[in-house]
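Every value quoted in this text rests on a predicted model; they were computed, and no experiment measured them. When a residue number appears, it is its place in the shown sequence, counting from 1.
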Amino acid sequence: MLIDFFYTLRAAKLPVSVKEYLTLLEALQRQVIAPSLDEFYYLARLSLIKDEKHYDKFDQAFGAYFKGVQQIVDASGEVPLDWLKKRMQRELSPEDKARIQALGGLDKLMERLKQLFDEQKGRHEGGNKWIGTGGTSPFGNGGFNPEGIRIGGESNGNRTAVKVWDQRTYRDYDDTVELGTRNVKVALRRLRKFAREGAAEELDLDDTIRATAANAGWLDLKLVPERHNNVKVLMLLDVGGSMDDHVARTEALFSAAKSEFKHLEFYYFHNCVYDYLWRQNRRRHNERFETWDVLRKYPPDYKLIFVGDATMSPYEVLQPGGSVEYNNQEAGAVWLRRFIERYPHHAWLNPEPEAIWQYRQSISVIRQLFAGRMYPITLAGLESAMRVLSK
């Protein structure tokens, strides 16, 4: 009965083998789980998926096969889920938006939010004060405010929230993406620096010809060490939030970088770098790497590449406690300066179209910190960035 499910996973290009499928069937025959779709999901994932980077594809394939089965997830935190259900979409004119004023900074927003937690007793929608949806209040989701705290729900595209009260799951960038063009790889090759390392096991044709001629025609083989690209790259990638719009382009860049650079180290962050980084997005709360440790681990001869859209509230860069996920003790700008000072060869690659950079205050701040070393993820932008990094 699960043969079609097996072929659905294979159609999603998941590396699922027949042996793993038989292991799943054996587990079901031995009744190791209760007759529950949720428990079957975890058993199937445990039996069939060997690498966490495939979890996202598995989730999509599982949902496609068992379509129509939905799970209701309770909202975390102290705000009841019913308060956060968006039942209307309020359309505001440019004049209406201009009349709405921000509260005056992150500290005042957080102070006001604490007051509302104590005062509010029920659901609210379409207003300008309480935690709710579809209004002009700074607290809730689905509405509009120039500076607000989004609580639950999805972004409606304004991207003006200065903090997000939500537990989100990100996924690792897939390094197996097949590029539609080799031009990205060609652009990255400008950064390569070859050196001969290791044992002498590669034929040096020119020297062999010269030595054989000098030896009266008797063959005299000359070997040299293989040529290896000894450039070392430290890549820090923004993930989640507004970067969801740029997953395909970032995955293509990440895939090309992994194939071109033998010495590539990478870490993830969200919006801006703070106290810690992570290597796997599903374990980002459990397996963290202290940013200080990363700075100490890799010497200054590494080429530093940031990849991110730099699109966020300027508080996230300039102010302690500006992170959308926790109260960071030091501003993101402090950590960015530490990276810049540690690694003389550095650049920021931005997937956002260069034409809109001037309208993002946070982009202007980061460009200033990087002394203009921000480049679009285009062929011309990549070539410019590689030239700067190779100097």
Heavy-atom side-chain contact between [X] and [Y] under 4.5 Å:
X	Y	value
Val294	Glu290	no
Leu24	Phe40	yes
Asp4	Phe6	no
Ser323	Glu316	no
Val307	Met235	yes
Leu237	Tyr267	no
Ile305	Leu236	no
Gln358	Ser364	no

(request) Start with the C-alpha distance between Tyr41 and Phe66, add both sets of side-chain angles, then the distance that settles ring-ring contact (aromatic ring centres under 6.0 Å, His included), and finish with yes or no. (result) CA-CA 10 Å; Tyr41 163 82; Phe66 296 100; 9.6 Å; no
Working to the nearest 0.5 Å, report the span between [atom1] of [X] and [atom2] of [Y].
X	Y	atom1	atom2	answer
Leu253	His246	CG	NE2	13.0 Å
Arg367	Trp348	CZ	CH2	12.5 Å
Tyr326	Tyr274	OH	OH	7.5 Å
Lys297	Leu234	NZ	CG	10.0 Å

(request) Might you work through the ring-ring contact (aromatic ring centres under 6.0 Å, His included) test for Phe289 and Phe269, ending with a clear yes or no? (result) CA-CA 11 Å; Phe289 297 84; Phe269 65 94; over 10 Å; no
(message) Is there a side chain to side chain contact (heavy atoms under 4.5 Å, CB included) between Phe254 and Glu251? Walk through the geometry before answering.
(response) CA-CA 5 Å; Phe254 183 49; Glu251 283 185 336; 5.5 Å; no
Looking only at atom types and distance, does a side-chain atom of [X] sit under 3.5 Å from a main-chain N or O of [Y], one as donor and one as acceptor?
X	Y	value
Trp292	Asp275	no
Arg337	Leu369	no
His54	Ile49	no
Lys303	His345	no
Trp218	Thr212	no
Ser362	Met312	yes
Glu20	Ser17	yes
Arg288	Leu277	no
Lys13	Lys57	no
Ser390	Arg387	yes

Tell me whether [Y] is reachable from [X] by hopping between hydrophobic residues (I, L, V, M, F, W, Y) whose side-chain heavy atoms are closer than 4.5 Å.
X	Y	answer
Leu48	Leu46	no
Val334	Val273	no
Ile340	Phe306	yes

Carboxylate-amine/guanidinium contact [X] [Y], below 4.0 Å:
X	Y	answer
Arg249	Asp244	no
Glu330	Arg338	yes
Arg30	Glu26	yes

(request) Start with the C-alpha gap between Phe5 and Tyr21, add the side-chain angles, then the distance that decides, and say whether side chain to side chain contact (heavy atoms under 4.5 Å, CB included) holds. (result) CA-CA 10 Å; Phe5 175 56; Tyr21 172 68; 5.8 Å; no
(request) Applying ring-ring contact (aromatic ring centres under 6.0 Å, His included), run through His346 and Phe370 and close with a yes or a no. (result) CA-CA 8 Å; His346 56 267; Phe370 274 71; 5.7 Å; yes
Of all heavy-atom pairs between [X] and [Y], which one has the smallest distance, and what is that distance?
X	Y	answer
Tyr375	Gly381	CB-O, 3.6 Å
Pro351	Gly308	CD-O, 3.4 Å
Asn328	Gly332	ND2-N, 4.4 Å
Pro344	Arg373	O-NH1, 3.0 Å
Phe58	Leu14	CA-CD1, 3.8 Å
Ala385	Leu349	CB-CD2, 3.7 Å

Do [X] and [Y] have side-chain atoms, one donor and one acceptor, less than 3.5 Å apart?
X	Y	result
Tyr268	Asp238	no
Ser242	Asp309	yes
Tyr276	Asp293	no

(message) Please enumerate all residues that pass salt bridge (Lys or Arg N to Asp or Glu O under 4.0 Å) together with Lys222, with sequence neighbours excluded.
(response) Asp220
(request) Report the residues that fulfil side chain to side chain donor-acceptor pair (under 3.5 Å) with Lys232, sequence neighbours left out, ordered by chain and then residue number. (result) Asp301
(message) Could you go through Ile363 and Met374, starting from their C-alpha distance and side-chain angles, then the distance that decides it, and tell me whether this counts as side chain to side chain contact (heavy atoms under 4.5 Å, CB included)?
(response) CA-CA 9 Å; Ile363 293 181; Met374 180 179 287; 3.7 Å; yes
(message) Would Arg45 pass as a cation-pi partner of Phe62, given that its NZ or CZ must be under 6.0 Å from the six-membered ring centre and within 45 degrees of the axis?
(response) no
(request) Tell me, please, whether Tyr55 has Arg282 positioned over its six-membered ring: NZ or CZ under 6.0 Å from the ring centre and within 45 degrees of its axis? (result) no
